[in-house]
Structures are given as C-alpha cells and as structure tokens.
> 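Okay, handing you the structure first.
Note on naming: letters A, B, ... go to the chains in the order of the sequence lines (proteins, then strands), and numbering restarts at 1 for each one.
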There are 2 protein chains.
Amino acid sequence: MVVARRKLTDNKKTTRARPAKGRILDAAERLFAQHGFYGVSVRDITDAAGVDVALVSYHFGGKRELFTAVFQRRAELLNAERLEMLEGVRRAALPGVPTLEAIVNAFSYPLLERSARGGPGWKSYFALVAQVNNSPEWGPVLMTQHFDPLVERFIAVMREALPTCPAQEIYWGYQFLTGALTLTFAETGRIDKLSGGLCKSSDLDSVHERLAPFVAAGFRALCASREAAKPGGP
Amino acid sequence: MVVARRKLTDNKKTTRARPAKGRILDAAERLFAQHGFYGVSVRDITDAAGVDVALVSYHFGGKRELFTAVFQRRAELLNAERLEMLEGVRRAALPGVPTLEAIVNAFSYPLLERSARGGPGWKSYFALVAQVNNSPEWGPVLMTQHFDPLVERFIAVMREALPTCPAQEIYWGYQFLTGALTLTFAETGRIDKLSGGLCKSSDLDSVHERLAPFVAAGFRALCASREAAKPGGP
DNA sequence: CCGGCTATTCAACAGTCGTTGAATTCATTA
DNA sequence: TAATGAATTCAACGACTGTTGAATAGCCGG
C-alpha cells in the first residue's frame with residue numbers, strides 16, 4: 001500500500017492523548033483488516049498512529065509480533081463472553097438440552113453484537129478475522145491457537161443437543177457456520193450490489209435474525225439425512 | 001515472502017516445455033493463493049516459473065494485471081459450466097420448479113468437482129477465490145466483476161423455486177452459502193485438527209454430500225420464518 | 001542471407017522494505 | 001536536584017520492491 005506520507009514535523013511534543021502502544025495496535029488493526037499483513041508496511045501503521053517507525057520493534061519486537069498482538073488483543077474477552085453465554089443457555093435448559101438456535105446464537109451473537117455496536121476497532125477486528133480464517137498461511141496458526149478451545153466446547157454442547165447425530169456431521173456443520181459468519185464479517189458490500197440495495201452487508205441485525213434459523217435447520221437436515229442412511233433405521 | 005532464490009545459470013536455452021506466459025500464470029496462481037497479492041513478489045513468481053523477471057511486465061503489463069489475469073483465466077469456463085447445469089436442472093423440472101438441493105448443487109458442484117479432481121492448478125485457484133471473496137480490498141471488485149452475472153441467474157432460479165419467499169431472504173441465504181463454500185475452498189486444515197482427523201478439509205466429496213442438504217434446509221427455514229412473520233398468515 | 005517480428009535476457013533504476021543502534025526526552029524516585 | 005530507567009526520536013543499514021530500456025536470441029517468409 002502506497003499513500004502520501006503525512007508530514008508530522010508538527011505535533012511532536014504536544015500532549016498525546018493515548019500511549020503509543022495502543023495507538024499502534026489500533027492503526028495496525030484497521031490497516032491489516034483492509035489490506036492484509038503484507039499489504040501494509042510498518043511505516044503505514046506508524047504514520048497512521050502518529051508515532052515513530054522504531055516503536056513497533058521496541059514495543060512488539062517486529063511486524064509479525066505486532067500482527068499476532070492485534071489478533072490476540074480482543075480474542076480472550078470475546079471467548080470469555082461467548083463461553084459464558086454458551087454455559088448460560090445450557091444451564092437454562094437443564095435438565096434438558098438447549099435448542100440448536102440458542103447454541104448457535106451463543107456462538108455468534110457476541111461477535112455480531114460487537115461488530116455492530118462495539119465501535120470501529122471491533123469492526124476492523126472482525127474483518128481481520130474473516131481474512132485470517134480464509135488464509136492458508138495464517139488461518140491454521142492463528143484461528144486454532146486463539147479460538148479452538150471455545151470451538152471445542154461449542155461442538156461438545158452441540159453434540160449433547162443432537163445425541164444421535166454422528167460427530168462428522170457436527171464438524172461439517174460447524175465449518176459451514178463459521179464460513180457463513182466470517183464472510184458476513186468481511187462486509188465487502190457485495191450483497192448490497194447484488195440485491196440492488198435491498199440488503200446491506202453492514203446490517204448485522206438482519207444477519208443475527210437469520211443466521212441461527214438457517215444454521216440450525218442445516219444441522220437438523222445434516223443429522224437427519226445421515227441417520228436415515230444408517231443401517232437398521234426406524 | 002523471502003526464500004532462497006534459485007540459481008538458474010543452467011537451463012537457459014534448454015528446450016522449455018511450455019511457453020513462459022502459461023508458466024507465469026501457473027506459478028502466480030499457486031503463490032497468490034498461498035500468500036495473497038502483496039505476500040508474493042514478482043521475482044518469487046518468475047523464479048518459481050523459471051523465467052526472467054521482466055516477462056511479467058512484458059506479457060501482462062504489471063503485477064496487478066497478472067493478478068487479475070490469474071483470476072479471470074478459469075472464471076468463464078467455470079461460469080459457463082455452472083450456468084449450463086443450472087439451466088439443465090431447471091429444464092428437467094419443467095413444468096414445475098427444481099428442488100432447492102438441485103439448484104444449490106448446480107451452483108457448487110462444478111466448483112467442488114474441479115477443486116477435488118481438476119489438478120493442483122484448480123485447487124490453488126479456489127483457494128485464491130476464498131481469500132479474494134473475504135477481502136474488502138479485492139472482493140468487491142473481482143468477485144462482482146467475474147461472478148455476479150451467474151449469481152444473479154442463480155438467485156432468479158432460487159426465487160422461482162421459492163415464489164412466496166421475500167427476496168431479502170434469498171440474498172441472505174446466498175451469502176451464507178457462498179461463505180460456507182469459500183471457506184471450504186480455503187482448505188486450511190482447521191477442521192482436521194478440530195475433529196482429531198475425523199474430518200478432512202481436502203475431502204470435498206464429503207462437502208458435496210452435505211452442502212446442498214444443509215443450505216437447502218437453511219433456505220426453507222429462512223423463508224418459513226419470514227412468511228410466518230407476515231401479517232395475515234395461515 | 002536478409003529483414004522483420006516476437007520472445008527473452010540482462011542490467012539497472014529509484015523507491016520502499018523491516019530493523020537497529022545511538023542519542024534524546026520524559027516521568028518518577030531517591 | 002540528581003539519577004535512573006523507560007519511552008521516544010533520528011538516521012541509517014542492506015535487502016528487496018516493481019518496472020524499464022537496450023541488447024540478444026529464435027523463428028519464419030522473402
């Protein structure tokens with residue numbers, strides 16, 4: 001990415017609102033989400049943050065470490081919230097099991113809610129996750145490292161709710177769910193053009209209303225067709 | 001991307017199997033799919049192709065044009081095949097309408113089949129599409145330009161098959177479908193680890209068996225819930 | 001053998017890349 | 001106030017970036 005580099009001979013010692021480390025993280029989050037890891041230079045980031053180039057190496061060790069720091073920053077908070085909601089719907093359904101819709105919502109709602117009303121930083125973060133999730137270079141490392149513990153718990157609850165369903169079906173259903181969810185976070189505006197303005201990528205409330213019914217029905221269909229395929233069916 | 005650059009003082013004038021232009025396209029396809037546009041240098045590509053650096057500018061005009069050429073190359077063939085299959089299932093169902101499963105299959109099967117058994121070039125191509133589709137920088141331009149005409153036809157047939165369903169539901173359903181499909185193409189291997197080897201990202205036949213039932217059920221659920229929400233329902 | 005054309009090679013350009021070491025500033029404590 | 005250690009600035013390094021113009025090789029019809 002090449003842009004006119006802002007002159008900053010001014011505002012050098014003026015009272016800076018926030019410390020440099022956070023400013024760098026914010027700028028990196030936004031730019032990495034737009035152009036990817038290699039599409040952004042360290043100078044792009046530090047210029048946008050209004051700090052010196054050397055501070056990236058000083059605070060984070062290097063560009064690569066900055067990238068993972070950006071990815072980590074919001075992951076724990078997010079997963080804690082999702083886990084809490086997941087266990088909440090599980091407890092609320094005892095001694096039975098929660099509906100598939102409730103489980104999917106526990107998985108997706110905290111993300112959609114933050115992306116919709118958490119501010120531009122969160123919006124950028126999820127766009128970054130969307131790119132990472134679909135990247136063979138970064139996906140296996142970063143997604144597995146930061147999200148798999150929660151995903152395993154999610155799948156375990158899903159299996160409780162579908163006790164007769166083969167495990168593979170749950171995993172494939174999860175893959176379809178996360179694919180649909182991450183493309184939503186990318187907010188490329190493609191659906192806006194396709195629908196002639198009828199739908200808007202940024203309308204995450206509409207997604208929230210529709211994702212759980214869509215995915216839950218998909219799970220049921222998956223399990224039903226596989227159970228029917230088993231020998232000795234009903 | 002930084003790798004040791006191969007010395008090629010040899011094999012300069014030896015009989016070269018295929019012309020340079022195609023070799024460049026193949027190498028670019030593979031490397032762009034792995035690391036993205038900015039993650040690969042022109043020299044990475046030409047070294048992998050065994051040709052001179054200057055040939056990229058000579059044959060394509062520049063790196064950017066090479067990228068779009070890679071993206072274009074297989075798009076028309078693909079869309080022609082999908083359109084033919086789509087119209088085929090439509091005709092076969094006359095005077096009625098095709099099942100949702102058949103429509104989804106016409107949309108996804110040609111892609112899955114090529115990715116599974118079309119050779120490494122096709123596999124790379126779909127991994128590239130997965131990244132582009134989730135990129136705010138490239139997605140709106142490339143996906144819209146090369147795939148939207150087919151998508152519009154696909155959605156039109158979908159609406160014929162669901163005549164009472166509001167248009168928005170079809171568009172959202174399409175977004176979920178394409179998200180699930182493109183993440184599948186990324187083949188990041190994440191589901192392999194999650195499932196402990198039970199599922200394999202590369203097993204596109206399993207995806208083919210499951211995607212249509214999953215998505216068709218999702219569409220039906222979407223339309224049903226929206227019709228029920230209409231005033232004066234049954 | 002010639003001229004013309006395309007394809008390829010080579011060398012080099014100006015600019016950008018990530019990183020670093022030394023110098024400087026800042027806030028806090030002794 | 002002096003000292004300390006962290007935070008920031010500055011200048012620069014060697015390597016790599018995409019692109020280009022001139023030179024060369026190969027081929028085909030005359």
Side-chain angles (χ1 to χ4, degrees), chain A residues 1-29 31-32 34-70 137-138, chain B residues 1-29 31-32 34-70 137-138:
Chain A
M1 193 185 65
V2 179
V3 292
R5 214 166 297 285
R6 179 163 69 97
K7 272 290 188 186
L8 41 83
T9 43
D10 48 320
N11 86 344
K12 283 211 289 194
K13 290 284 151 295
T14 70
T15 57
R16 182 143 303 147
R18 297 188 26 231
K21 196 167 180 177
R23 295 171 61 94
I24 291 174
L25 281 169
D26 290 343
E29 187 171 60
L31 292 172
F32 282 146
Q34 286 175 357
H35 309 289
F37 177 76
Y38 298 108
V40 180
S41 74
V42 175
R43 284 175 177 84
D44 289 332
I45 297 168
T46 53
D47 286 359
V51 303
D52 191 87
V53 209
L55 288 183
V56 166
S57 291
Y58 177 77
H59 281 296
F60 299 95
K63 186 188 180 184
R64 217 169 191 88
E65 290 86 349
L66 169 60
F67 189 68
T68 68
V70 167
E137 183 174 10
W138 302 100
Chain B
M1 190 184 64
V2 179
V3 293
R5 216 166 294 285
R6 180 163 70 97
K7 272 289 186 186
L8 41 83
T9 43
D10 48 320
N11 86 343
K12 285 211 286 193
K13 291 281 149 296
T14 69
T15 58
R16 183 143 300 148
R18 298 191 20 233
K21 195 167 179 178
R23 296 171 60 94
I24 291 174
L25 280 169
D26 290 343
E29 186 172 58
L31 292 171
F32 282 147
Q34 286 175 357
H35 309 288
F37 177 76
Y38 299 108
V40 180
S41 74
V42 175
R43 284 173 177 83
D44 289 332
I45 296 168
T46 53
D47 286 359
V51 302
D52 191 87
V53 211
L55 287 183
V56 166
S57 291
Y58 177 76
H59 281 296
F60 300 95
K63 186 187 181 185
R64 216 167 193 89
E65 289 86 350
L66 170 60
F67 189 68
T68 67
V70 167
E137 184 176 9
W138 303 100

> Mind running a 4.0 Å heavy-atom check of residues 55-63 of chain A against DNA chain C and sending the residues that fall below it, in number order?
Ser57(A), Gly62(A), Lys63(A)
> Heavy atoms only: give me the nearest Leu31(B)-Asp44(B) pair and the separation to one decimal.
CD1-O, 3.6 Å
> Send over the distance from Ile24(B) CD1 to dT8(C) P, rounded to a whole Å.
8 Å
> With sequence neighbours left out, write down each residue that passes side-chain hydrogen bond (donor to acceptor under 3.5 Å, both in side chains) with Asp52(B), or none if nothing qualifies.
none
> Roughly, in whole Å, what's the span from OH in Tyr38(A) to C1' in dG18(C)?
13 Å
> Counting just side-chain N and O atoms, does Ser41(B) come under 4.0 Å of either OP1 or OP2 of dC16(D)?
no
> When the distance from CZ of Arg43(A) to C1' of dC13(D) is rounded to whole Å, what number comes out?
11 Å
> How does DNA chain D look in dot-bracket form if you count Watson-Crick and G-U pairs under 3.5 Å, write [ ] for pairs that cross, and put | where a base pairs with another strand?
|||||||||||||||||||||||||||..|
> Rounded to the nearest Å, what distance is computed from the CZ atom of residue Phe32(A) to the P atom of nucleotide dG18(C)?
9 Å
> Quick one: Lys21(A) NZ to dT8(D) P, roughly how many Å, whole number?
10 Å
> What's the verdict on side-chain contact (heavy atoms from CB on, under 4.5 Å) for Asp26(B) and Arg18(B), showing C-alpha distance, side-chain angles and the deciding distance?
CA-CA 11 Å; Asp26(B) 290 343; Arg18(B) 298 191 20 233; 3.0 Å; yes
> After noting the C-alpha distance and the side-chain angles of Leu66(A) and Ile45(A), does the key distance pass the side-chain contact (heavy atoms from CB on, under 4.5 Å) rule?
CA-CA 10 Å; Leu66(A) 169 60; Ile45(A) 297 168; 4.0 Å; yes
> What pair of heavy atoms forms the shortest contact from Glu137(B) to His35(A), and how long is it?
OE1-ND1, 3.2 Å
> Mind calculating the distance between CD (Glu65(B)) and P (dG18(D)) to the nearest angstrom?
13 Å
> Between atom CD of Glu65(A) and atom OG1 of Thr68(A), what is the distance when rounded to the nearest 0.5 Å?
6.5 Å
> Asp52(A) CG to dG18(C) C1': how many Å, rounded?
13 Å
> Can you give each donor-acceptor pair under 3.5 Å made by side-chain atoms of residues 55-62 of chain B, sequence neighbours left out, with the distance rounded to 0.1 Å?
none

> Among all residues two or more places apart in sequence or in another chain, which pass the ring-ring contact (aromatic ring centres under 6.0 Å, His included) test with Phe67(B)?
Phe32(B), Phe37(B), Trp138(B)
